[in-house]
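Please read the structure below before turning to the comments.
The figures here come from the full heavy-atom set of this structure, side chains too, leaving out hydrogens, waters and symmetry mates. Both ligands and their constituent atoms are indexed starting at 1 by order of listing.
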Amino acid sequence: MTTDNARRQDFYDRIEPGSLVPLWERMKGLVPPEPTNKTHAHVWRYDEVKPLLLEAGDLLTAAEAERRVLIFENPAFPETSRINSTLYAGMQLILPGETAPAHRHAAGAMRFILESDGGYTTVNGERAEMARGDLVITPGGAWHDHGHGGKGPCIWIDVLDAPLVNIFECSFSEELGDAAQKITRETGHARAEFGSGMLPMQPYSPFGKTSPIFAYSYERARAALVTLAKSSPADPHDGYALRYANPLDGGWIMPTISSWLTYLPAGFTGLPSRATENMGIVVAQGHLTLDLDGTRYELGLNDVMAVPGWTWRTMSASEDTILFHFSDRSAQEKLGIWRRQRGRADPIW
Ligand code: 1HN
């Protein structure tokens, strides 16, 4: 046996300079019997992050920073600017009168607005006013710049697919060279054309695989959730959930990142489920109690949490609660690898 092992090791040592490795030593790591998600469950508390972000507001201007953001870097992935295995997330600040200059990149972004009184983003020549709870997308390749003509700090969460784009090594980026792009369309154009429950006769997204609607209103989404809760039962696992949808195909609004809003009425206690997607949660209203594989987390307003894939997850809420969820499910589904279990007896295959 020892001699066998010695002969094998000798063999491995001899093939190594030729950049060869025996699969039989690697197989289990390459195709584990179930996901071994490295992401740490981690919470970033708004009352801790916001003061630091405001301090950064004193250190440098939005224009100097290009984007004044504190990255949510998962402790499992130091130096990699990732909130989980596949996604980037961070918290951005712009102050009244500032602009974050126009640029574009292959990575796509979505932004969930936490505080805004007069902040706006321009995408594809059209300005979207940002209000608390709104979701704004900047599709991969689209010029975008941010500004703030109102009062107080404007703060939001950015989620980008940059780590995924970088796995494929397909990143491009470019600066426009101006603080702001030219406005060429009326505010509300995209929503009028694609988001009124009607569609153009020959529908076509200027953003390719990303939704032609780039700003989704919280006021409308919240009203929709509360209304449907009046006359339909909550899903026992997920509560009331509505996903942001691309009106052209009914799919997710971005090819890589999924996003949805969840409404948990006061007293909701969910059943466990788990899925392979790597997820983030932002509390938009109320308070979430989350059980993850037996560990309990309490999340308050604007707190952000990284939820590793393939973790048993149970949500409950003692007051009316609304959550913004984002994940890499959209990408996983396209690759045919997304799996979910609703309850422990649910089959995986
Ligand atoms: C970016 O363009 C924004 O436009 C925010 O607000 C965060 C992180 C990495 C790369 C580009 C933005 C970003 C980003």
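When the ring pair (Phe, Tyr, Trp, His ring centres under 6.0 Å) test is applied to His148, no partner is found at least two apart in sequence or on another chain.
The side-chain hydrogen bond (donor to acceptor under 3.5 Å, both in side chains) pairs that include a residue from residues 68-79 are Arg68-Glu98, where partners are two or more places apart or lie in different chains. Residue pairs that meet the ring pair (Phe, Tyr, Trp, His ring centres under 6.0 Å) test with at least one member in residues 201-232, sequence neighbours left out, are Tyr216-Tyr244.
Once rounded to the nearest 0.5 Å, the distance linking CZ of Arg132 with CD of Glu219 reads 12.5 Å. Rounding to the nearest 0.5 angstrom, the gap separating the CD atom in Gln285 from the CG atom in Asp320 is 6.5 Å.
Listed by chain and residue number, the protein contacts of ligand 1 are Arg67, Tyr88, Gln92, His103, His105, Arg111, His144, His146, Asp158, Leu160 (heavy atom within 4.0 angstrom).
Using modelled atom types, one finds a donor on one side chain and an acceptor on the other under 3.5 Å when comparing Asp13 with Gln9.
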